[in-house]
Amino acid sequence: MITANNVADAIRKKAPEYLAESWDNVGLQIGSFDQPVKKVLLTLDVTNEVVDEAVAGGFDMIVSHHPFLFQGLKTINTDDYKGKLVEKLVKNGICVYSAHTNLDKANLGLNDYIAGKFDLDERAPLKPDKDEQLYKIVVYVPTDYTEKILKVLGDGGAGFTGDRYSHCSFRVTGEGRFKPLDGSNPFIGTPGEVVKVNEDRIETIVDGRILKDLFPALKEAHPYEDMAYDLYPVEQADIMKKSGLGKIGTLEKEMEPEEFIEFTKKALNIKHLRTAGEPPESVKKVALCTGSGAEFIGLSKVKGADVYVTGDLKYHDAQRARENGMWVIDAGHFGTEKQVVNLLEEMIRGRFGDGEIETRVSDKNEDFFKNY
Ligand SMILES: [Zn+2]
């Protein structure tokens, strides 16, 4: 039986919730993590139309990019839009899970997915996450316990490099020595005598943000009264950081601005876009940020991008683009994010075997803007 938590896990593996911005509200929005799930509906926004689609199609779960509950709910008044939706979801046993800025910022998250549509090479976060701090963790353990400790480390998210490999580690076997003192209750040896133990030195890498969960589990699994370990911060230049907002990378071949406009429409599968600022002679380096990215116009310029593709620009953002000499393409909030449903579907399908779970992209989710 697959639960809502299993589905959430498929997404968390690639886009851990700790990546979310502090103002965000990601995770379970409605329902229970223990709820059995057979059918998942994927959407950018949870609207009345999407909820009706879920009810009609017998879905147990909706996974959205934009959090269903965002600004905080003071009352659940079933006379208003949101209250009615809450009631409808609960009555029909549909749970809602949202992956928002954690999905935007993950190395292989939404910005990377869209960068892939542009075939960008040498991708890096446009604004690397300031909270990303890696540690080298070294654990010394009697060799009989090595596999147990490796499992706790790996399952707990350590040794997760570049998002394409998990459970990475290195170990060497050697001799550990210690002398238990009076008052100790040693796992091996007797107080007052030096003990030699065959130990493995296990080392791996861990994101500092998971230490608070990993550490207690590790201590629990380690046989010694005082776990023997070292923890070293790893020096990381911004260029080595993998998570962050937006992406920057280079096109396979240089393009004329007009050609790039058509290329963008194809990459994003949209019919309309607008531009601001003077186009460059040619486009090679592309910065992008899905959703609302007006704040990174200056950063794109500083990082040497020839164009910045984002959504939700206001009139004075366009003015700023022109004043900064940055060519900006506003492809719309929906335009830059609508393919999130395909990414979410890939993440879920990649986790479960055929026939284990049914997923569908909502066909009721649409742009709140209409272009004519
Ligand atoms: Zn958005």
Side-chain angles (χ1 to χ4, degrees), residues 8 11-12 14-30 41-51 62-72 81-82 85 96-118 125-127 129 243-248 264-265 267-274 287-297 299-300 308-314 317 328-347 361-371:
I11 296 160
R12 287 190 198 114
K14 300 268 177 180
E17 287 163 13
Y18 62 70
L19 286 176
E21 296 285 291
S22 56
W23 47 261
D24 206 356
N25 185 38
V26 306
L28 190 69
Q29 311 276 304
I30 296 276
L41 188 63
L42 306 152
T43 184
L44 176 62
D45 298 288
V46 182
T47 61
N48 188 40
E49 291 74 19
V50 170
V51 174
I62 296 175
V63 174
S64 73
H65 181 45
H66 292 144
F68 173 60
L69 301 174
F70 190 52
Q71 259 138 3
Y81 188 91
K82 207 87 183 184
L85 284 193
V96 179
Y97 180 83
S98 305
H100 190 212
T101 47
N102 51 324
L103 192 59
D104 289 329
K105 291 167 71 182
N107 182 26
L108 299 183
L110 181 56
N111 280 284
D112 186 74
Y113 189 74
I114 298 301
K117 301 289 168 193
F118 282 86
L126 179 59
K127 184 172 186 279
D129 192 354
S243 58
L245 283 164
K247 282 278 170 180
I248 186 161
T264 301
K265 286 183 184 171
L268 297 176
N269 188 22
I270 54 171
K271 292 197 176 71
H272 309 272
L273 53 76
R274 50 188 192 168
L288 62 87
C289 182
T290 59
S292 305
E295 62 186 300
F296 302 135
I297 293 173
L299 185 60
S300 303
Y308 176 46
V309 182
T310 189
D312 266 355
L313 292 196
K314 291 182 184 162
D317 297 322
V328 179
I329 291 181
D330 181 348
H333 195 124
F334 187 84
T336 54
E337 292 198 325
K338 66 178 188 172
Q339 297 183 69
V340 71
V341 287
N342 306 109
L343 171 64
L344 289 168
E345 189 168 46
E346 278 178 22
M347 285 177 170
V361 165
S362 165
D363 46 40
K364 298 288 180 215
N365 188 204
E366 52 183 25
D367 199 341
F368 298 128
F369 284 109
K370 292 266 177 284
N371 287 299

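Counting starts at 1 for both ligands and their atoms, following the listed order. Residues: numbered from 1 along the sequence shown. The shown structure was predicted, so the numbers you read here are calculated from the model rather than taken from an experiment.
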Heavy-atom side-chain contact between Thr336 and Thr310 under 4.5 Å
no
Residue pairs passing the salt bridge (Lys or Arg N to Asp or Glu O under 4.0 Å) test where at least one lies in residues 105-116, sequence neighbours excluded
Glu21-Lys105, Lys105-Asp129, Asp112-Arg123, Asp112-Lys247
So, at under 2.8 Å, which protein N, O or S atoms would a careful student list around the Zn ion (ligand 1)?
His66 NE2, His333 NE2, Glu337 OE1
Name all residues meeting the side chain to side chain contact (heavy atoms under 4.5 Å, CB included) criterion together with Lys364; count only those two or more places apart in sequence or in a different chain, and write none if there are none.
Glu49, Val50, Glu53, Ser362
Tell me, please, which residues at least two apart from Lys271 pass side chain to side chain contact (heavy atoms under 4.5 Å, CB included).
none
Around Lys338, counting heavy atoms of other residues, nucleotides and ligands shown, do more than 12 lie under 6.0 Å from its NZ?
yes
Side-chain donor or acceptor of Asp45 paired with backbone N/O of Thr47 under 3.5 Å:
no
